[in-house]
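Written below as structure tokens is the structure these notes are about.
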Number of protein chains: 2
Amino acid sequence: MTKIVRIKDIAAMANVSMGTVDRVIHKRGKVSEDALKKVMDVLEQINYKPNLIARTLSSSRTYRVASLLPDAELDSFWRSSIQGIQRAHSEHSQFGMTISYHFFDPYSGDSFREQAHNALETDPDGILLAPTLRQEALDFAEVCQQHQIPLVCFNTYIHELAPLAFIGQDLHQSGRLAAELMTMIASPGTILITHIGEQVQNSAHIGAKETGFREFMQENGSSHFEFSAVQLESPASPDFKASLAQALETHPHTKGIYVTTSKAYEIARSLEELGKTDICLIGYDLIDENLTHLRNGTVNLLINQNSDRQGFLGISYLTDHLVFQKPIPALQYLPLSIVTRENLDSYLANGDAVQ
Amino acid sequence: MTKIVRIKDIAAMANVSMGTVDRVIHKRGKVSEDALKKVMDVLEQINYKPNLIARTLSSSRTYRVASLLPDAELDSFWRSSIQGIQRAHSEHSQFGMTISYHFFDPYSGDSFREQAHNALETDPDGILLAPTLRQEALDFAEVCQQHQIPLVCFNTYIHELAPLAFIGQDLHQSGRLAAELMTMIASPGTILITHIGEQVQNSAHIGAKETGFREFMQENGSSHFEFSAVQLESPASPDFKASLAQALETHPHTKGIYVTTSKAYEIARSLEELGKTDICLIGYDLIDENLTHLRNGTVNLLINQNSDRQGFLGISYLTDHLVFQKPIPALQYLPLSIVTRENLDSYLANGDAVQ
DNA sequence: TTGTATGCGTTATCAC
DNA sequence: GTGATAACGCATACAA
């Protein structure tokens with residue numbers, strides 16, 4: 001049992017006062033060369049670990065974090081991220097963390113800029129961002145950098161943002177996984193990779209998945225499968241179903257469809273109407289609309305992006321950084337969870353209870 | 001922003017001293033009817049949330065937790081549990097948690113009793129137990145109850161233990177999942193459920209998986225699949241491989257094998273020697289021996305019991321209970337994670353970084 | 001039975 | 001530059 005060393009002890013060892021030690025540790029300056037050396041010498045010998053409990057109690061300062069992500073009303077994918085953030089919030093409010101929420105329209109740059117502005121208005125000590133809009137996010141990150149506000153990003157990886165931390169999935173590997181699952185489950189034939197009325201901004205995002213998918217397919221199973229990328233209309237459009245039917249006509253031996261977004265339910269709905277439910281359908285994310293079709297079997301598998309955990313970890317990392325001044329990983333990939341009808345409940349039951 | 005109420009504030013409101021409020025809150029007695037009523041009235045009006053930071057700092061007491069689980073040297077399955085415990089330990093040592101480790105031989109009741117004795121000798125404030133040996137665990141739980149020591153169990157569910165919390169998997173559902181995956185992947189034919197030189201004590205444990213497997217099979221896929229449970233020799237025995245070969249002869253149309261334990265690698269090894277690697281093999285747990293065969297394709301899927309998270313959560317729950325006096329869930333099922341070659345790394349990379 | 005004073009380790013604010 | 005000292009909110013020992 002190594003005895004715990006306090007600032008008081010260090011002060012005694014270095015023959016200075018607690019105040020001086022404090023100034024050295026926090027690099028506040030106003031310390032003579034002489035005193036500095038004495039304290040540093042002691043610090044090198046012993047292993048000082050500050051008592052974080054005492055620190056947070058004493059400094060009793062509060063940290064403001066602004067979260068900036070798409071509005072779940074406009075894309076329900078984000079609902080679980082928000083839940084994760086809120087859960088982290090309630091757990092970390094103990095440490096003086098307060099969180100403000102700023103939701104933007106994922107399809108509107110103006111909306112993003114407006115909410116980003118609001119976020120900065122709160123004079124935050126840290127920012128959690130889902131950078132779905134590339135250029136807007138880059139501009140925003142620059143402002144954060146100028147203001148020296150730590151930035152943690154999640155869900156969408158944008159290399160140039162260079163945030164303090166990124167939390168999300170390895171999309172390339174995710175595509176490989178989808179391909180592997182497809183070759184396991186689908187009968188030999190054609191596999192379609194669908195792009196559903198994609199936003200241009202997301203092209204990099206989607207591209208990584210498709211590249212991974214193709215890579216796996218070329219390495220394996222190319223003898224049994226052929227595959228093709230098809231562009232469908234937006235589900236909002238009345239032509240959506242027709243464009244899917246068209247694709248299936250063009251590729252009559254379609255045995256599987258890989259949906260690179262969380263919109264698998266749109267495909268499922270149309271497949272059910274077309275009576276083509278024997279096609280193996282793999283998509284993303286445990287949103288309610290998808291679960292219906294996973295349960296009835298039209299969707300065979302969902303890959304879970306664990307977006308609740310992304311939100312939770314995002315806040316956790318910011319608390320670690322701000323409150324506890326702990327190092328945090330620059331890049332945190334989350335597991336690529338495979339969800340079927342039979343393990344779905346085990347994932348749903350976990351949102352609130354598990355860290 | 002609701003202002004934070006402290007004991008001091010309550011005392012002022014109730015016209016008593018802080019000491020009295022403290023005695024009421026902690027039910028220490030020695031309070032007059034009159035004072036009690038005054039304080040209770042105030043407590044009902046306001047929503048007092050004690051500052052846990054201040055509490056732990058003040059009552060700088062330490063909590064001893066004894067962990068009691070099988071020796072990873074004797075069964076490497078437990079290695080990751082230990083890692084999870086250690087990770088939780090390093091994170092929670094801040095709060096005055098100390099942990100002692102007591103490893104027993106999973107096949108020896110005597111070894112268990114000896115280590116259980118050692119654990120109690122440390123005069124622990126809480127105990128984390130992997131109750132692999134049923135009767136021994138029941139006896140031990142009784143002692144814990146007598147001593148009023150909170151008990152948290154993980155991995156093996158034993159209803160009669162009635163611990164403060166159990167953390168693990170829903171084994172019945174796990175069996176259903178395995179069956180579902182088998183019907184997805186394997187070609188129509190015979191599926192074998194193997195029991196490998198099982199310990200009698202584990203029969204309940206294994207039974208739930210098999211029941212779930214059968215249940216799913218009867219509900220679905222019974223037209224394409226038939227299945228059969230086979231008992232194999234212990235892998236330690238020289239007859240192990242022969243007993244497997246024998247089973248495959250008896251069931252010539254075997255297309256899949258479900259191994260209900262973490263010993264899939266033993267089957268894989270023999271299948272490779274027998275040249276029968278086209279059989280779909282599903283097992284449990286990301287232990288090194290299994291990973292080799294998952295990577296080379298003999299093992300098709302592993303279901304991950306997340307044993308590192310089990311250990312981590314076990315300690316976390318005990319800290320929550322002891323240090324923070326927070327309520328903890330009595331039953332915490334973890335996700336049934338499906339691991340393939342392509343998402344394996346995403347699981348391995350997560351052990352240390354994610355809570 | 002009650003109230004008060006002291007300490008937990010750190011931070012922050014003063015005088016010096 | 002430096003070193004005391006008062007908070008932070010709670011628990012506890014002790015005095016009344």
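Just so we're clear, the structure is a prediction, and the values are computed from it rather than from any experiment. All chains are named by letter (A, B, ...) in the order of the sequence lines, taking the proteins before the strands, and each is independently numbered beginning at 1.
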For this session: Looking only at non-hydrogen atoms, find the nearest pair between A:Ile328 and A:Ala165 and report the distance.
Result: CD1-CB, 4.1 Å
Problem set entry | DNA chain D: stems of at least 3 consecutive Watson-Crick or G-U pairs whose donor-acceptor distances fall under 3.5 Å | C:3-16 with D:1-14
Exercise. Just by modelled atom types, is the A:Asn155 backbone N or O under 3.5 Å from a matching donor or acceptor in the A:Gln310 side chain?
Worked result: yes
Protein-nucleotides 8-10 of chain D N/O pairs under 3.5 Å:
{"from": "D:dC8", "atom 1": "O2", "to": "A:Leu57", "atom 2": "O", "distance (Å)": "3.4"}
{"from": "D:dC8", "atom 1": "O2", "to": "A:Ser58", "atom 2": "N", "distance (Å)": "3.1"}
{"from": "D:dG9", "atom 1": "OP2", "to": "B:Arg6", "atom 2": "NH1", "distance (Å)": "3.3"}
{"from": "D:dG9", "atom 1": "N2", "to": "B:Ala54", "atom 2": "O", "distance (Å)": "3.4"}
{"from": "D:dC10", "atom 1": "OP1", "to": "B:Tyr48", "atom 2": "OH", "distance (Å)": "2.6"}
{"from": "D:dC10", "atom 1": "OP1", "to": "B:Asn51", "atom 2": "N", "distance (Å)": "3.2"}
{"from": "D:dC10", "atom 1": "OP2", "to": "B:Ile7", "atom 2": "N", "distance (Å)": "2.9"}
{"from": "D:dC10", "atom 1": "O2", "to": "B:Ser58", "atom 2": "OG", "distance (Å)": "2.8"}

Exercise. Within the pair B:Arg28 and D:dA11, is there a side-chain N or O less than 4.0 Å away from OP1 or OP2?
Worked result: no
For this session: Would you check if B:His92 and B:Ser316 make a side-chain contact, meaning some heavy-atom pair closer than 4.5 Å?
Result: yes
Exercise. Please give, in whole Å, the distance from D:dG3 P to A:Ile10 CD1?
Worked result: 15 Å
Problem set entry | Backbone N/O of B:Asn304 and side chain of B:Gln169: donor-acceptor pair under 3.5 Å | yes
For this session: Grab the CG-P distance between B:Asn15 and C:dT1 for me, whole Å please.
Result: 20 Å
For this session: Give a yes/no answer on whether the side chain of B:Thr20 brings an N or O atom under 4.0 Å of OP1 or OP2 in C:dG3.
Result: yes
N/O-N/O pairs, protein side and nucleotides 13-16 of chain C side, under 3.5 Å:
none

Exercise. Counting any heavy atom closer than 4.0 Å, what does B:Ala35 reach on the DNA or RNA strands: base, sugar-phosphate only, or nothing?
Worked result: sugar-phosphate
For this session: Look only at the side chain of A:Asn51 and the backbone of A:Ala54, and say whether a donor-acceptor pair between them is shorter than 3.5 Å.
Result: yes
For this session: Check whether any side-chain N or O of B:Ser90 sits under 3.5 Å from a backbone N or O of B:Arg87 as a donor-acceptor pair, and report yes or no.
Result: yes
Exercise. Any sub-3.5 Å donor-acceptor pair from A:Arg64's side-chain atoms to A:Thr122's backbone N or O?
Worked result: yes
For this session: Taking A:Asp41 for its side chain and A:Lys38 for its backbone only, find out whether a donor-acceptor pair lies under 3.5 Å.
Result: no
Exercise. Are the side chain of A:Thr98 and the backbone of A:Val65 linked by a donor-acceptor contact shorter than 3.5 Å?
Worked result: no
Exercise. Just by modelled atom types, is the A:Glu136 backbone N or O under 3.5 Å from a matching donor or acceptor in the A:Asp139 side chain?
Worked result: no
Exercise. Just how far, in rounded Å, is C1' of D:dT2 from NZ of A:Lys38?
Worked result: 11 Å
Exercise. Roughly, in whole Å, what's the span from CD in A:Glu33 to C1' in D:dT2?
Worked result: 16 Å
For this session: Give a yes or no on whether a salt bridge exists between B:Arg28 and B:Asp22, defined as a side-chain N under 4.0 angstrom from a carboxylate O.
Result: yes
